[in-house]
Enquirer: 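Sharing a structure with you now.
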Protein chains: 2
Amino acid sequence: MRVSLRCVAERAGVSDATASRVLNGVDAPVARETRERVLRIAAEIGYTPNLAAKALATGRTKTVALWSVNLRAPHSSQVVYCMRDEIMKNDYDLTISDFKFRVDGALDTSRIISWPVDGVIAVDLPRGDVPGLSNSLLGGKPLVSIGAYVLENVDHVYVDFAPMSAAAVRHLHSVGCRRIAYLVPNWFEWFRSADDARLRGYETAIEQLGLEPEFIVTENEVRAAVGPVLKSHIALHGAPDALFCFNDNMTIAASRALREVGLIPGRDVKLVGCDGIDDSADFYPPLTTVVQPVEEMCAVAWTFLARRIKDPDIPVQQMTLTAKLEIRGSSTGDF
Amino acid sequence: MRVSLRCVAERAGVSDATASRVLNGVDAPVARETRERVLRIAAEIGYTPNLAAKALATGRTKTVALWSVNLRAPHSSQVVYCMRDEIMKNDYDLTISDFKFRVDGALDTSRIISWPVDGVIAVDLPRGDVPGLSNSLLGGKPLVSIGAYVLENVDHVYVDFAPMSAAAVRHLHSVGCRRIAYLVPNWFEWFRSADDARLRGYETAIEQLGLEPEFIVTENEVRAAVGPVLKSHIALHGAPDALFCFNDNMTIAASRALREVGLIPGRDVKLVGCDGIDDSADFYPPLTTVVQPVEEMCAVAWTFLARRIKDPDIPVQQMTLTAKLEIRGSSTGDF
DNA sequence: AAGCTTTCTGAAAGCGCTTACATTTCACAC
DNA sequence: GTGTGAAATGTAAGCGCTTTCAGAAAGCTT
């Protein structure tokens, strides 16, 4: 029923091979007249190639998988969106997948491995073992990872939060804060077991400034998880001067919780988040945040992937980018 | 290099056919002993099926494409996320695509058509012709659409904004507003040419209440497009009492713009948006919004698609769901 | 006019898998 | 011991496309 290459070829009175040459090869030696006839007929009967067949025949698809752990999180969708532009700009197709953590915190890679793509880009791959991953090849497919956790032996674009986390704490200190708490999720025992650069930056700065570290630990990074913990912390210990938040999403949740206990976020309690999500500037108060250099991350990731697709045997490629502190009303109180 | 079915079969000393039967058919007649041997060997050498080959051989993939026009928009990602759960719950795989409008406002469907999937679910398909779409088949593939615009001849889950838009306007009237403007994007001459149910609801209610309609039209629905237009409108005509916004995303942008000209959103100018995005409750002021019944939409969409995959010839399936007005501080001033 | 290129086209194999059909084996009934 | 059917397995074709190789046609050169 579907119109296949053969249909086109038959109508045009040529062999499959010639039709294929016309439809793909730009520089294939085909008579001008033949080429035009084939193209015309293909358009007439609305031929679209069967990608599965193509993939099987060539072993390539000109498609990459973009793999995100939680598409709904504003930051992920920001990266995914930008990466998508980068991929399509380079004339590749893409398919996006959203993989939740499994119950035990591991990832199920089997589905994506069998999918016919030339490579995969993983956004915010969690620290820990990914089954089938070795030397930047995931089940034999080139893989590049983007994220804020160190990963070894994998092509990886690493955003180092440490320097700017420290800067954020110093900034909060400079506007008068002395009790600066770190609001952080602890899903799957992540906290402390992972090498959280934010934590490193935070602790370094706190120590240098001679302050006491203070932690407010939520079960995970979902907004609903923040309010109750924060409110009970405040009830028990009183409110800190400032909250350094694991990400902007949590900042937003914290902001709401503060209001619910009668505190004004940005005035009574200063806030700094991480990521630089789209909302940060539009929120009220406008959020001070440690911004990830998303466009640069994506550009580098693509370079890495393109290289590895061309030659799977090149050595591991890694690059560290630094984040940037963007100061707004939520930490200055000026809004 | 890849381990194929043949590798498994050879090692197990059986034919490809038998190996295939073991690996797929639950109820295929294979000797217990053989079955166990094949399974063991497949696991040992880490066999993963080649989906392209499978797709080619069977014509099916147990995969559906989830197609969104703008993944980065909070509302789209909400629907995509929920739809993803629904699809995976039903033991199908999915691949997500994000298609921007082309310059002329049309959509490029060719890529997705050739991709080996059993069906596609399109979120917020724009009104207008979609190439290759006829009778719920997109290039021969089952298609179900989810969205707030009427589409004929297509399996479609329609969210009717009209009643709740009218309710929103009446609500604003009841809290004392008399100048209620509609803040709406006009990308690609969309406004007025599309059958915008929000507009219908708005105009109906405005007329019934004996008020004057007032339009603030932005170039598109991107946040950056809102501020300048809104501010110059206010400079020219003064501020309205209330803004009924095309979506929550625009409400957030409007909120910021209002503050920038010294007005307090929710007090000086009441706000109602549409969609019910995740942010709406956490925003300050909390946003009154016309919520789409996302979970129900997704459940129905899946039912439609499953039916059509099973039998492409069934008559067109359509369902209309109604939105719900969720009242919060941005319209009551109580926050 | 013979020989040599160059240009164009077709035949055929094969990518990894499924599946209809054929075949073998075996247990059981007569 | 023959016949029958069920159970288990193998054979082979084919899904739609690409690509190698070889052959045909046409244009040169001498």
Side-chain angles (χ1 to χ4, degrees), chain A residues 1-39 41-42 45-63 93 113-118 139-141, chain B residues 1-39 41-42 45-63 110 113-118 139-141:
Chain A
M1 268 315 61
R2 248 185 87 83
V3 306
S4 64
L5 221 214
R6 155 116 348 124
C7 304
V8 177
E10 261 170 18
R11 291 224 196 181
V14 296
S15 68
D16 300 8
T18 301
S20 170
R21 276 188 282 257
V22 171
L23 265 357
N24 297 292
V26 185
D27 51 348
V30 178
R32 215 189 118 120
E33 196 191 352
T34 314
R35 146 165 284 124
E36 280 168 2
R37 187 153 31 94
V38 171
L39 286 175
I41 292 184
I45 63 178
Y47 168 71
T48 50
N50 179 322
L51 269 205
K54 242 177 147 129
L56 186 56
T58 60
R60 281 169 294 105
T61 56
K62 271 276 223 175
T63 299
D93 241 322
I113 290 177
S114 48
W115 201 251
V117 293
D118 294 347
K141 302 218 162 112
Chain B
M1 267 317 59
R2 249 185 86 84
V3 307
S4 65
L5 221 214
R6 156 113 351 122
C7 305
V8 177
E10 261 170 19
R11 291 224 195 181
V14 297
S15 69
D16 300 8
T18 301
S20 170
R21 275 188 284 258
V22 171
L23 264 359
N24 297 293
V26 185
D27 51 348
V30 178
R32 213 189 119 119
E33 194 192 354
T34 314
R35 146 164 284 124
E36 280 168 2
R37 185 153 31 95
V38 170
L39 286 175
I41 291 183
I45 65 178
Y47 168 70
T48 49
N50 178 323
L51 231 38
K54 236 174 151 133
L56 187 56
T58 61
R60 281 169 294 104
T61 56
K62 272 275 220 172
T63 300
S110 62
I113 290 176
S114 47
W115 200 252
V117 293
D118 294 347
K141 299 215 165 113

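Within every chain, numbering begins at 1; the chains are lettered A, B, ... in the order of the sequence lines, protein sequences first and strands thereafter. Remember, predicted model here, so these are calculated numbers, not experimental data.
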Enquirer: Please tell me which of the listed nucleotides, D:dC17, C:dC17, D:dT11, lies nearest to the side chain of B:Ala17?
Expert: D:dT11
Enquirer: Nearest-Å distance, OH (B:Tyr47) to C1' (C:dG16)?
Expert: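 In whole Å, C:dG16 C1' and B:Tyr47 OH are 8 Å from each other.
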Enquirer: Identify, with sequence neighbours excluded, every residue that meets salt bridge (charged side-chain N to carboxylate O under 4.0 Å, His left out) alongside A:Glu10.
Expert: none
Enquirer: Closer than 4.0 Å, any side-chain N/O of B:Thr58 to the OP1 or OP2 of C:dC17?
Expert: no
Enquirer: Considering only D:dT11, C:dC17, C:dG14, which nucleotide approaches the side chain of B:Ser15 most closely?
Expert: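 It is D:dT11.
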Enquirer: If you check every side-chain atom of A:Asn24, which of D:dA8, D:dT18, D:dG10 has the closest atom?
Expert: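 Of all the options, the side chain of A:Asn24 is nearest to D:dT18.
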Enquirer: Side chain of B:Ser20: nearest nucleotide among D:dT18, C:dT19, C:dG10?
Expert: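 Of all the options, the side chain of B:Ser20 is nearest to C:dT19.
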Enquirer: So which nucleotide from C:dG14, C:dT9, D:dT9 ends up closest to the side chain of A:Ala57?
Expert: C:dG14
Enquirer: Give a yes/no answer on whether the side chain of A:Asn50 brings an N or O atom under 4.0 Å of OP1 or OP2 in D:dC15.
Expert: no
Enquirer: For D:dT19, does either OP1 or OP2 sit under 4.0 Å from a side-chain N or O belonging to A:Arg60?
Expert: yes
Enquirer: Which pair of heavy atoms, one from B:Tyr47 and one from B:Leu23, lies closest together, and at what distance?
Expert: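 Scanning both residues completely, I find the closest heavy atoms to be CE2-CD2, 4.0 Å.
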Enquirer: Just wondering, do A:Val14 and A:Thr34 contact through their side chains at under 4.5 Å, heavy atoms?
Expert: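 Result yes, sub-4.5 Å side-chain heavy-atom pair found.
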Enquirer: What's the closest nucleotide to the side chain of A:Arg21 if the choices are D:dG10, C:dC17, C:dG10?
Expert: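 The answer is C:dG10.
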Enquirer: In terms of the nearest nucleotide of DNA chain D, which residue is placed more toward the 5' end: B:Leu56 or A:Lys54?
Expert: B:Leu56
Enquirer: Measure the angle between the two terminal helix axes of the helix from C:dA1-D:dT30 to C:dC30-D:dG1, five base pairs each, and quote it to 10°.
Expert: 50°
Enquirer: Rounded to whole Å, please give me the gap between CG in A:Asp16 and C1' in C:dA12.
Expert: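 One finds 11 Å between C1' of C:dA12 and CG of A:Asp16, rounded.
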